[in-house]
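Sequence lines set the chain letters: A, B, ... in the order given, protein chains first and strands last, and positions in each chain run from 1.
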Amino acid sequence: MPIRVATWNVNSVRQRIDLLLTWLKECQPDIVCLQEIKCVDEAFPRLEIEALGYNVVTHGQKTFNGVALLSKLRFDETKSGLAGDDEDAHARFLEGMVTLKSGVLRIACLYLPNGNPRPGPKFDYKLAWMERLINRAAELIAGNLPVVLAGDFNVIPTERDVYKPERWLDDALFVPEVRHAFERLLAQGWTDTLRQHHPDETIYTFWDYFRNAWARDAGLRIDHLLVSPVLLERVRDAQVDSFVRGWEKASDHAPVWLELDPA
DNA sequence: ATGACTACTCCCAGTAGA
């Protein structure tokens, strides 16, 4: 069986628990990165998810942010938080390591700051957070091991990844500074697997709740699954489960996944 | 468009998301 690794910004796990369980059963991912769980660790609906055969690790926070890792394989180790700023109280980063038959696989689950409004402290925080991510990613890639960097990056990589680029030129998701920082990350050797598997396709992962965006397909591609060089040759597919965005009480983000060769 | 929609919070108008 191939290994499936997914990421989904659920926009409150307590609001989305029924949809999450339905999607887990349908998609059958082996490893899942969740963002915006919007609850503390104790409030995470751990039992329902464990009942489907997942090991669960959370890095939660009251009200905002919060990330979690689910894995059908047991975690050898996990680590929460992104190095580089001891004052940073946002729960946005969580790493885990599992062992496949072929060897170790490391997964980093991230929720990159939005950065709006710009200019301002939120935008400065986003840029600083990206520098910290770039530093950690450099360490990970230097190990020459299989790594997936997955999550809600809040970065629109190119004008093909947004329904109307001209409307987003001044937005913190699309300004040149942010896109360049994302390009610097990729230049370390990471591959954007969703784009690689859909080179000519208009493909989105987020549709605003506003303005009937889903029905108009006015989307953004901001949720990404990046893989390290040694993992690239094992990636067989990458997809967006966009149908989930059409469900009743949907998150504004759809799940994204990639499939690796059998372990 | 200080907009719309959705979710959160010391229950309810203010903050945040993207």
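Heavy-atom contacts from other residues, nucleotides or ligands closer than 6.0 Å to CD of A:Glu201 number more than 12.
Comparing B:dT6, B:dT9, B:dA7 against the side chain of A:Ser12 picks out B:dA7 as the nearest. Of the candidate nucleotides B:dG17, B:dA16, B:dC10, B:dC10 has the atom lying nearest to any side-chain atom of A:Lys62. Looking at the side chain of A:Gln15, the nearest of the listed nucleotides B:dC8, B:dG17, B:dT9 is B:dC8. Out of B:dT9, B:dT6, B:dC8, the shortest distance to the side chain of A:Lys38 is found at B:dC8.
The nearest whole Å value for the distance from the CZ atom in A:Arg245 to the P atom in B:dC5 is 13 Å. Atom-to-atom, CD of A:Gln35 to P of B:dA7 comes out at 17 Å; the value is rounded to the nearest Å. To the nearest angstrom, P of B:dA4 lies 17 Å from CG of A:Asp252. As a whole-Å value, the separation of A:His253 NE2 from B:dA16 C1' is 12 Å. Across the protein-nucleic acid pair, A:Asn116 atom CG and B:dA16 atom P stand 13 Å apart, rounded to whole Å. The CD1 atom of A:Ile37 sits 16 Å away from the P atom of B:dA7 (whole-angstrom rounding). Straight-line distance from the CG atom of A:Asn212 to the P atom of B:dT6: 10 Å, rounded to whole Å. Distance A:Leu19 CG to B:dA7 P: 10 Å, rounded to the nearest Å.
The same atom, C1', is picked in B:dC12 and in B:dA7; the two are 13 Å apart, to the nearest Å. Only the P atoms considered, B:dC10 is 23 Å distant from B:dT6, to the nearest whole Å. Separation of the C1' atoms belonging to B:dT2 and B:dA16 is 15 Å when rounded to the nearest angstrom. Distance noted for atom C1' between B:dG3 and B:dG17: 15 Å (whole Å). Comparing B:dA4 with B:dA13, their P atoms sit 16 Å apart, to the nearest whole Å.
A:Asn65 comes within 4.0 angstrom of no nucleic acid atom, judged by non-hydrogen atoms across all strands. Residue-level contact check: A:Phe174 touches neither bases nor backbone, having no heavy atom under 4.0 Å from any strand. Residue-level contact check: A:Asn154 touches the backbone only, with heavy atoms under 4.0 Å from sugar-phosphate atoms and none from bases. Among the protein residues, A:Lys122 comes within range of the sugar-phosphate backbone only, with heavy atoms under 4.0 Å from sugar or phosphate atoms but none that close to a base. A:Asp223 comes within contact range of no nucleotide atom at all, as no heavy-atom separation falls under 4.0 Å.
A donor-acceptor contact closer than 3.5 angstrom is absent between the side chains of A:Asn11 and A:Glu36. Counting only N and O atoms by type, the side chains of A:Asn116 and A:Asp171 include a donor and acceptor under 3.5 Å apart. Between the side chains of A:Ser71 and A:Asn55, no donor N or O sits under 3.5 Å from an acceptor N or O.
Toward the 5' end of DNA chain B, the nearer of the two residues A:Ala250 and A:Phe64, judged by each one's closest nucleotide, is A:Ala250.
Between A:Thr63 and B:dT15 there is no side-chain N or O to OP1 or OP2 distance below 4.0 Å. Remark: A:Arg16 is not in phosphate contact with B:dT6, judged by side-chain N or O atoms under 4.0 Å from OP1 or OP2.
A:Phe182 and A:His224 have their aromatic ring centers within a separation under 6.0 angstrom.
In summary, of the residues considered (A:Phe206, A:Tyr204, A:Trp23, A:Tyr111), a ring pair (Phe, Tyr, Trp, His ring centres under 6.0 Å) with A:His253 occurs for A:Phe206 alone.
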